[in-house]
Amino acid sequence: MPPWSAALALILAMLALLCLLRPRLRSPWGRTVGEKTLPGAQNRDDEEEADGGGPADQFSDGREPLPGGCSLVCKPSALAQCLLRALRRSAALEPGPRSWLSGPHLQTLCHFVLPVAPGPELAREYLQLADDGLVALDWVVGPCVRGRRITSAGGLPAVLLVIPNAWGRLTRNVLGLCLLALERGYYPVIFHRRGHHGCPLVSPRLQPFGDPSDLKEAVTYIRFRHPAAPLFLVSEGSGSALLLSYLGECGSSSYVTGAACISPVLRCREWFEAGLPWPYERGFLLHQKIALSRYATALEDTVDTSRLFRSRSLREFEEALFCHTKSFPISWDTYWDRNDPLRDVDEAAVPVLCICSADDPVCGPPDHTLTTELFHSNPYFFLLLSHHGGHCGFLRQEPLPAWSHEVILESFRALTEFFRTEERMKGLSRRRASFLGGRRRGGALQRREASSSSNLEEIFSWKRSYTR
């Protein structure tokens with residue numbers, strides 16, 4: 001059977017499964033970004049929110065309205081005002097024609113199943129790590145687009161490092177983001193963990209859920225190749241754990257200008273323990289088992305492979321892979337003490353835009369899965385909350401890219417302009433202070449030279465402080 005037949009059969013099977021499970025997975029259909037508002041629909045949405053049935057009631061304080069029924073949750077600041085102005089001008093958030101991809105499950109499944117056509121041209125590099133492990137970097141080198149716009153002031157293209165989901169599935173939205181970023185003048189590169197997406201597993205060690213050590217070495221290598229280029233990070237779904245852990249551990253030394261998370265998983269431990277709706281749980285679990293089955297022999301010395309492949313949930317799979325090891329077993333509590341992506345979130349010093357949907361079938365409702373205080377208290381974290389979009393979907397009618405991609409690149413452009421203006425103002429302030437300080441020092445010197453010899457001790461003290 002040809003490959004396209006297998007893909008078509010998989011798509012039809014998943015659609016049939018959705019039809020059977022529609023009563024269990026049904027979510028309210030309503031206006032999404034990219035949809036027209038039907039007469040009376042806006043009033044019904046307002047009535048639902050007034051009755052306490054809105055998508056995120058706990059985010060009502062500090063929310064700024066945006067086009068398309070979206071809202072921005074953040075702590076007031078000059079940076080927040082800059083980002084808010086950019087989002088309100090964004091054409092990607094404006095309502096458009098109604099799409100047949102309106103339901104959250106269709107948005108999610110199309111994102112994970114359908115391929116992108118045509119795909120980008122990738123040039124792969126393997127990076128050998130300090131412990132002799134390997135990670136892969138896929139540089140997007142084509143197709144070449146005429147009239148590419150340069151994103152940085154110095155004429156160098158900014159590097160966009162994309163982190164896929166933790167399952168190693170390279171989705172159509174990741175590739176679509178890379179194509180759009182290449183067109184906008186970025187230099188996209190996709191980070192693949194050990195054993196993911198064709199990257200060989202040369203040592204019997206996989207990357208834990210929130211361990212950023214491999215990502216640190218990858219960023220160091222990218223900085224070596226492009227030392228003067230700005231660096232932006234984007235994560236998809238569960239890949240947010242790696243991005244947030246990196247920003248928290250590195251703090252102001254992350255070398256990152258800005259970051260964005262599409263449908264992030266923030267309360268990771270609770271997410272694993274509560275479980276996903278069983279079609280998604282089984283699908284993600286099966287994908288991981290298939291990916292690791294080729295390394296079953298290599299992992300036998302460190303992992304109980306029989307227990308690993310008998311696991312029936314994502315939590316059991318994670319515990320068997322990283323907690324119940326043969327060499328250094330640890331408890332579930334200890335594992336999350338080391339891998340919780342929010343463990344050092346207060347140290348993050350980079351603006352992070354999180355794009356979430358209220359009808360996300362994988363992460364769940366935002367009032368249970370998002371940390372309210374993070375966006376209300378931390379000036380570096382911004383939440384763009386949409387009523388609809390599924391998990392990492394946010395799709396529009398073809399050939400338009402996902403509106404989340406447009407918003408992310410526009411926000412990065414706004415951040416670049418904001419920091420450029422801040423640096424210019426600081427430079428003017430320093431030059432003004434230096435000029436005024438020179439005038440004051442000159443006047444003081446003339447007055448001191450005219451003073452009597454009885455003030456020599458005071459003059460010497462002034463000279464000593466001046467020459468420090």
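Just so we're clear, the structure is a prediction, and the values are computed from it rather than from any experiment.
- At a threshold of 4.5 Å between non-hydrogen side-chain atoms, the residues Leu137 and Arg124 do not count as touching.
- Contact check for Cys392 versus Ser263: side-chain heavy atoms found under the 4.5 Å cut-off.
- Checking each of Leu383, Thr371, Val73 against His376 for a side chain to side chain contact (heavy atoms under 4.5 Å, CB included) leaves exactly one that passes, namely Val73.
- Listed here is the closest heavy atom pair of Gln107 and Gly393: OE1-C, 3.4 Å.
- Under the 30°/60° scheme for interplanar angles, the aromatic rings of Tyr187 and His226 are found to stand perpendicular.
- Here the side chain of Glu281 pairs a donor or acceptor atom with the backbone of Leu276 at under 3.5 angstrom.
- For the pair Trp271 (side chain) and Thr369 (backbone), a donor-acceptor distance under 3.5 Å is absent.
- Taking 4.5 Å as the limit, some side-chain heavy atom of Cys199 sits within range of a side-chain heavy atom of Tyr126.
- Put simply, the side chain of Tyr246 gets close to the backbone of Ser254: a donor and an acceptor are under 3.5 Å apart.
- The list of salt bridge (charged side-chain N to carboxylate O under 4.0 Å, His left out) pairs with a residue in residues 206-218, not counting sequence neighbours, reads Arg194-Asp214, Arg205-Asp211, Lys216-Glu249.
- Taking all atoms of both residues into account, the shortest heavy-atom contact from Ala181 to Leu160 is CB-CD2, 3.5 Å.
- Without hydrogens or angle criteria, Ser240 side chain to Gly237 main chain gives a donor-acceptor distance under 3.5 Å.
- Between the side chains of Asn173 and Thr171, no donor-acceptor pair of N or O atoms lies under 3.5 Å.
- Between the side chain of Arg396 and the backbone N or O of Pro401 there is at least one donor-acceptor pair closer than 3.5 Å.
- Using a 4.0 Å cut-off between charged nitrogen and carboxylate oxygen, Glu417 and Arg413 do not count as a salt-bridge pair.
- Side-chain atoms of Glu410 do not come within 3.5 Å of backbone N or O of Leu87 as any donor-acceptor pair.
- Taking the salt bridge (charged side-chain N to carboxylate O under 4.0 Å, His left out) definition, one finds that Glu318 meets it with nothing, sequence neighbours left out.
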I would like to know whether Phe209 and Tyr335 meet ring-ring contact (aromatic ring centres under 6.0 Å, His included); could you show each step before the answer?
CA-CA 9 Å; Phe209 197 76; Tyr335 177 75; 8.0 Å; no
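- For the pair Arg343 and Trp336, the NZ or CZ position fails the cation-pi test of under 6.0 Å to the six-membered ring centre and within 45 degrees of the ring normal.
- Salt bridge annotation for Glu94-Arg89: absent, with no cationic side-chain nitrogen under 4.0 angstrom from a carboxylate oxygen.
- Closest approach of Phe317 and Leu285 over heavy atoms only: CB-CD1, 3.6 Å.
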Pair Glu373-Lys75, salt bridge (Lys or Arg N to Asp or Glu O under 4.0 Å): steps then yes or no
CA-CA 10 Å; Glu373 61 278 2; Lys75 182 178 181 179; over 6 Å; no
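- A donor-acceptor contact closer than 3.5 angstrom is absent between the side chains of Asp359 and His387.
- A donor-acceptor pair is defined here as one N or O able to donate and one able to accept, closer than 3.5 Å; no such pair exists between the side chain of Glu347 and the backbone of Gly251.
- A donor atom on one side chain and an acceptor atom on the other are found under 3.5 Å apart for Tyr280 and His105.
- A donor-acceptor contact shorter than 3.5 Å is absent between the side chain of Asp344 and the backbone of Gly248.
- Annotation for His196 and His192: closest pair O-CB, 3.9 Å, computed over non-hydrogen atoms.
- Within the 4.5 Å cutoff, the side chain of Leu179 has no heavy atoms near those of the Leu175 side chain.
- Looking at Ser386, its side chain never comes within 3.5 Å of a backbone N or O of Gly389 through a donor-acceptor pair.
- Expressed to the nearest 0.5 Å, how far CZ of Phe394 lies from SG of Cys356 amounts to 7.0 Å.
- Ring-plane geometry between Phe232 and Phe412 is classed as parallel, the angle between the planes falling under 30 degrees on a 0 to 90 degree scale with a further cut at 60.
- Side-chain atoms of Ser235 do not come within 3.5 Å of backbone N or O of Ile163 as any donor-acceptor pair.
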